[in-house]
Amino acid sequence: MKTNLDYLSEIHEPERPEIPYTTLNLGPTHPATHGIFQNVLKMDGERIVSGEQTIGYIHRAFEKIAERRPFYQITPLTDRMNYCSAPINNTGWMLTAEKLLKIKVPKRVDYMRVLVMELARITDHIICNSILGVDTGALTGFTYVYQWREFVYEIYEEICGARLTTNMGRIGGFERDFNPIVFEKTKKFLKEFPVIWKQFENLLSRNRIFMDRTIDTGAISVERALNYGFTGPNLRACGIDYDLRTAEPYCSYEDFEFDVPVGTTGDTYDRFVVRNEEIWQSLRIIEQALDKIEKMGPGEFHADNDHYYLPPKQEVYKNMEALIYHFKIIMGEIDAPVGEVYNAVEGANGELGFYLISDGGRTPYRLHFRRPCFIYYQAYPEIVKGQLLSDAIVVMSSLNVIAGELDA
Amino acid sequence: MSEKIKISEAPEGHAGPGFFATSLDSVVGLARKNSIWPLPFATSCCGIEFMSTMSSHYDLARFGSERLSFSPRQADLLMVMGTIAKKMGPVLRQVYEQMAEPKWVIAVGACASSGGIFDTYSVLQGIDRIIPVDVYVPGCPPRPEQIIEGVMRIQDLIGKESVRRRNSKEYQQLMEEYLVK
Amino acid sequence: MRTLTKEQIEQHISDHLGSPLSITEDEYGIFNTTVPLKQLYQLILFLFKDEVLGFQFLTDICAVHYPDNKGNEFAVVYHLQSMQNKTRLRIKIFVPLEKPEVPTLTGIYASANWMERETYDFFGIQFLGHPNLKRILNMDEMSAFPMRKEYPLEDPTREDKADFQFGR
Amino acid sequence: MAIIKLTSRIKVMERKPMSFMERIYLPAVFKGMAITLSHLFKKKTTISYPEQKRPMSDVFRGLHILKRDENGAERCTACGLCALACPAEAITMTAAERKAGEQLLYREEKYAAVYEINMLRCIFCGLCEEACPKAAIFLQNDVMAPPSFERGDFIYGKDRLVEPFPQI
Amino acid sequence: MSDWVVKFIFIVVIFALSLFIAMYSTYAERKIAAFLQDRLGPNRAGPFGILQPLADGVKLFFKEEFIPRASDKWLFLMGPGLFICTALMTSAVIPFAPDLMWDGKLISMQATDLNVGILYIFGVVSLGVYGILIGGWASNNKFSLLGAIRAASQNISYELAMGLSIVALIMVTSSLSLKDIVSQQSGWHWNVIYQPLGFLIFIICAFAETNRAPFDLPECETELVGGYHTEYSSMKLGFYLFAEYINMFISSAVLATLYFGGYQFPFISSMDPGIAKTILGAAVMFGKIFFFIFFFMWVRWTLPRFRYDQLMNLGWKILIPLSVINILLTAGFILFKS
């Protein structure tokens, strides 16, 4: 393996002062930067010579806020990180907190979480791939699949009561059991969404215009991708089947049958194809999860833990002990152990890690988010080097950089 | 004008410049309100809900506003969606200044309107600190229904506005307050 | 799951690097070690280059501020990962407030670039040898380091919290 | 380029080279056009919003309401848990003691003399509803906070929050 | 009525008609796009939103005129004017209907029957790119400049292939006058049957010439914000957008005239000249034009767009050789037949 320094010293690019380069400001408010970040591109005609990024335009100080909030109030914060797939972030944070607090959740909750996480993954990939279509100029496919994203919102709404920033579940489980409508709608989704998704694939995936646009643009080698800390679909497109769901199964992912699609060259088309295939795999997982939950029948939807999980409301109204626990939990006076936890989940964009240090107080002493977008977006100038302006846009949207996650 | 033509008195109630001005105003207002070209200044979560608003289920196009103009020169309505950090403030301001009159601003969502949960050192506590806002839409993010409501409030505003309001003293005073241009 | 034990890593490092390293495993299944500052670069370079260990993936860099820990106010935490061995290793170093200087890892991992810039931005830790150490998320004009414990969270200009609109 | 295999669940997405028919653009173009044309005649999914309303779920988190009990007395006891649970710090309240003769107005001995929610701050996360031990505050599932022109319109006091008296 | 009065009336009518059709093309575009995307499209301005183009026009008219400080003022003003002028000029040679028998006189339904009608169209269309080029350059904005350069190179490259495909057509028709070409195609003898490859090349080039997707590189909004018209506001922008639709209308008209028999339709060809024939002919002509306009929109909302270098490859490496082959094939066929 070559270190970064070895790699950089191998590239010898002669200085060419005789060429008058143009500087182009792509962003902060460019239509193709979904979210806000700036790329200052040095260009020779339409060819990109080098680029430099400025980020932080929506820096919101998540980590600082998290130091002042009790554990359960951090869930709404995580919603706003990767807002395209908020339930994955929610669950990731809850798993971290549960790991620290040593809460054991029942299998059924695990499966329920898998269900919503995979729905979230699908919605995220829908956005990424259809926006890739929009950025290449085909808007119509976007509107077809977006209707199904709306449908997933309806499912979320039945589960937790919100569409996008879900704040789904509590530490220790869900706030309520799944409504029968959830199952009904998920079944409908499983039945009808594949038809539309197939149509979307037909519109783009074997269309030569689209293939020409994406094949061999924005390719990155396995070595460089690892060195740049790529994870998720972008890494898998390069050819490594690193997926936390199989590498370090959490949330009972080991009970599910699914494949990890990998690409071969790591270019834009591979990223597109890998995300497409992940949608099909997610559909498989959802089907199994639904099956498993239905087989278990109505049952537990939270861990049996009075100290961390809010008692049922009816108890609170009547029972003094329940009321005391209720107050304690809401005040954040839970007896969190002292310790350090690193927990990662496979977010839609890659390894979403939570590094939580607790000193036993009501808030985390330090909470650091490992945001996949933040880490891999720094490779962007290297990826687009030597390519055309149009490629730069396509590559950016296929990397799926979410500004909320990037800037935290 | 020939001397033979005698100008009769204007009928009662329609005298003065008011009549023509107002009917012109109402026609232009009607036209303007049905052709709002938004500039989506989408920074975060609310931008995704804006996508929903534009796409098939809600279809902002019904109001004649599906032509997104990413160039500020061509836009009528600046839709600020999502958190505006202090680093972003000057950029937002510049975009506002670049827009051609008449222009309106919607602050969509809690972050843009007031900072929302991000009461932190890096987030601007409401965009009305730097640019004048016409309509606020609460919610985090607002449902597309609420965004559409917001656009309809803007339509109400536009429909009532005089063509010449932008030259009025009050308006210029407002601009001066915000130190625009 | 994990294919390396902590004894194997300790053994391998002391065999090849000469200096002993003590690793503890925490209750959540991650190896922890704290090393002195001057060993850090050498150790990580070895971990990266070694075929057996293969810690070729830098998961994360972050810092923690312990204001009460006099002389060692800052901890810089590195999360390394060996994908082939499915092993994670957390390396910690401590640096004092007066001289928060740490060698950069950008020579080894390209991903370290922004992580270190972020850490600098938040805590003011100087990464020696970093090619472009400047603020990344906050404004360039900012003079303080916001993630230090003494820095206030709230925006001092917020009006609607304490003013007439609310009865506080 | 090498494909690195870490698990047995790998599925390599081989890339088929373009066939002749794909090379000449037109079949794919016509296929795409057939798809879009088929949607021309489909039923439109649009909901004409102000006239038609999209059905919302029973648990949707909309605008807050302060409930009254079955006798029409306010349930809120001004315990302050909702304000504490609010991550946006949008809720403020001032408690007051119930005087004699006000039993019909307030259920508990303490009540909120002032109860204000800043709807521009609120993120509708539902934590206040979850925190309330008296079933006083609820997020309605069919009403959403309306947009407005002035910032001041969004401070919802008790006049707009408390459920109107049940009509008998 | 003297001839020139009739001519004048006709020109005014055609002028108004092109503007009207361009105006309603914007509405049609929005509606068709909406329907293809399972949406409803504009429906609030008037019944079914038919007043939408008016609203847009009035709004643009009352918007602030904006001239960037760093721009070249005169050229900045000239760009859109030039663009719309050239767009409107093209309709002069298109025969919109069969000659009208009125008062014992034949009145031509064509502003002027140039014997080099095709060349005229080409000449005027190739002037159009100056409007974009000047406007884009004068804005003094990098995105505009890139858009303008793209437009210029794209139009020049595709004009070649277009011209060559027309050469083959002229070999079949042996006339440059559009009226002759149309009258030759009576009944089912439409040129598209004799020149399918030429038609394909021509229609692809027509897309490129009108800067429509998948060749809308000069203004593709995801890359260049607004392309050449990024800095334009108010009616100047209106001119640009308008001219694009006029171009589309004219392209459709030319397509219909050259390859689809213009106003010819089997039963019309056999009718006697008269009002009925003229009206029916015009209806047929406009039916064809509207179909092509729909086709333009349909394609736009289906396909992704090309990249700049791929566009050039397509033009130079595929379409030009193909059109040369088409010429050879046509020549061989004519030789064989004679």
Side-chain angles (χ1 to χ4, degrees), chain B residues 45-46 49 52-63 66 79 83 104-120 123 125-129 132-158 160-161, chain D residues 36 38-57 59-64 83-92 116-128 139-156 160-161:
Chain B
C45 336
C46 298
E49 279 302 58
S52 297
T53 318
M54 295 303 294
S55 68
S56 314
H57 268 96
Y58 292 97
D59 193 20
L60 199 58
R62 291 177 293 126
F63 301 89
E66 82 268 50
M79 299 185 83
T83 320
W104 293 271
V105 180
I106 294 193
V108 176
C111 292
S113 311
S114 71
I117 47 171
F118 301 108
D119 174 20
T120 63
V123 175
Q125 302 296 305
I127 57 165
D128 45 7
R129 299 280 176 89
V133 177
D134 293 297
V135 168
Y136 300 87
V137 183
C140 187
R143 275 184 76 105
E145 281 98 337
Q146 283 167 292
I147 299 182
I148 290 177
E149 284 275 353
V151 173
M152 285 164 64
R153 290 293 86 73
I154 283 280
Q155 283 189 328
D156 295 349
L157 197 70
I158 294 174
K160 279 186 290 190
E161 199 179 281
Chain D
T36 43
S38 74
H39 279 264
L40 187 64
F41 306 110
K42 246 181 81 174
K43 197 172 166 291
K44 306 296 164 225
T45 44
T46 307
I47 304 153
S48 301
Y49 165 62
E51 295 88 33
Q52 272 171 304
K53 298 253 160 69
R54 189 174 188 177
M56 286 192 250
S57 84
V59 293
F60 181 75
R61 305 196 294 250
L63 190 64
H64 308 65
L84 195 79
C86 181
E89 298 169 337
I91 305 179
T92 39
E116 283 179 340
I117 301 181
N118 185 347
M119 286 299 166
L120 276 190
R121 282 273 171 194
C122 177
I123 59 165
F124 301 92
C125 60
L127 288 181
C128 45
L139 298 174
Q140 300 166 82
N141 71 321
D142 49 354
V143 186
M144 292 169 294
S148 184
F149 301 106
E150 294 294 330
R151 222 184 148 119
D153 295 350
F154 290 98
I155 309 291
Y156 278 57
R160 288 151 91 186
L161 285 172

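In the text below, chain A, chain B and the rest are named by the order of the sequence lines, each starting its count at 1.
Considering only heavy atoms from C-beta on, B:Glu145 stays 4.5 Å or farther from D:Ile47 through its side chain. Taking the side chain as every heavy atom from C-beta outward, B:Glu149 and D:Met144 never approach each other to under 4.5 Å.
Contact record, B:Tyr58 with D:Thr46: O-CG2, 4.1 Å, taken as the closest heavy-atom pair. Nearest approach of B:Ala110 to D:Leu120, heavy atoms of both residues: CB-O, 3.0 Å. Of all the heavy atoms in B:Cys140 and D:Cys122, the pair that sits closest is CB-O, 4.2 Å. Of all the heavy atoms in B:Val137 and D:Pro147, the pair that sits closest is CG2-CB, 4.0 Å.
Residue contact with chain D, scored on non-hydrogen atoms closer than 4.5 Å, involves the side chain of B:Arg62 exclusively. For chain B, the nearby part of D:Glu150 is the backbone; its heavy atoms alone come within less than 4.5 Å. Contacts between D:Phe149 and chain B at a heavy-atom distance below 4.5 Å involve backbone atoms as well as side-chain atoms.
By number of non-hydrogen pairs under 4.5 angstrom with chain D, the leading residue of B:Asp156, B:Ile148, B:Asp128, B:Val133 is B:Asp128. No other option in B:Ile117, B:Ile154, B:Ile147 has as many heavy-atom pairs under 4.5 Å with chain D as B:Ile117.
Put simply, OG on B:Ser113 and CZ on D:Phe154 are 7.0 Å apart, with the number rounded to the nearest 0.5 Å. To the nearest 0.5 Å, the span separating NE2 on B:His57 from OH on D:Tyr49 amounts to 15.5 Å.
For the pair B:Arg143 and D:Phe60, the cation sits on the ring face: its NZ or CZ lies under 6.0 Å from the ring centre, inside 45° of the axis.
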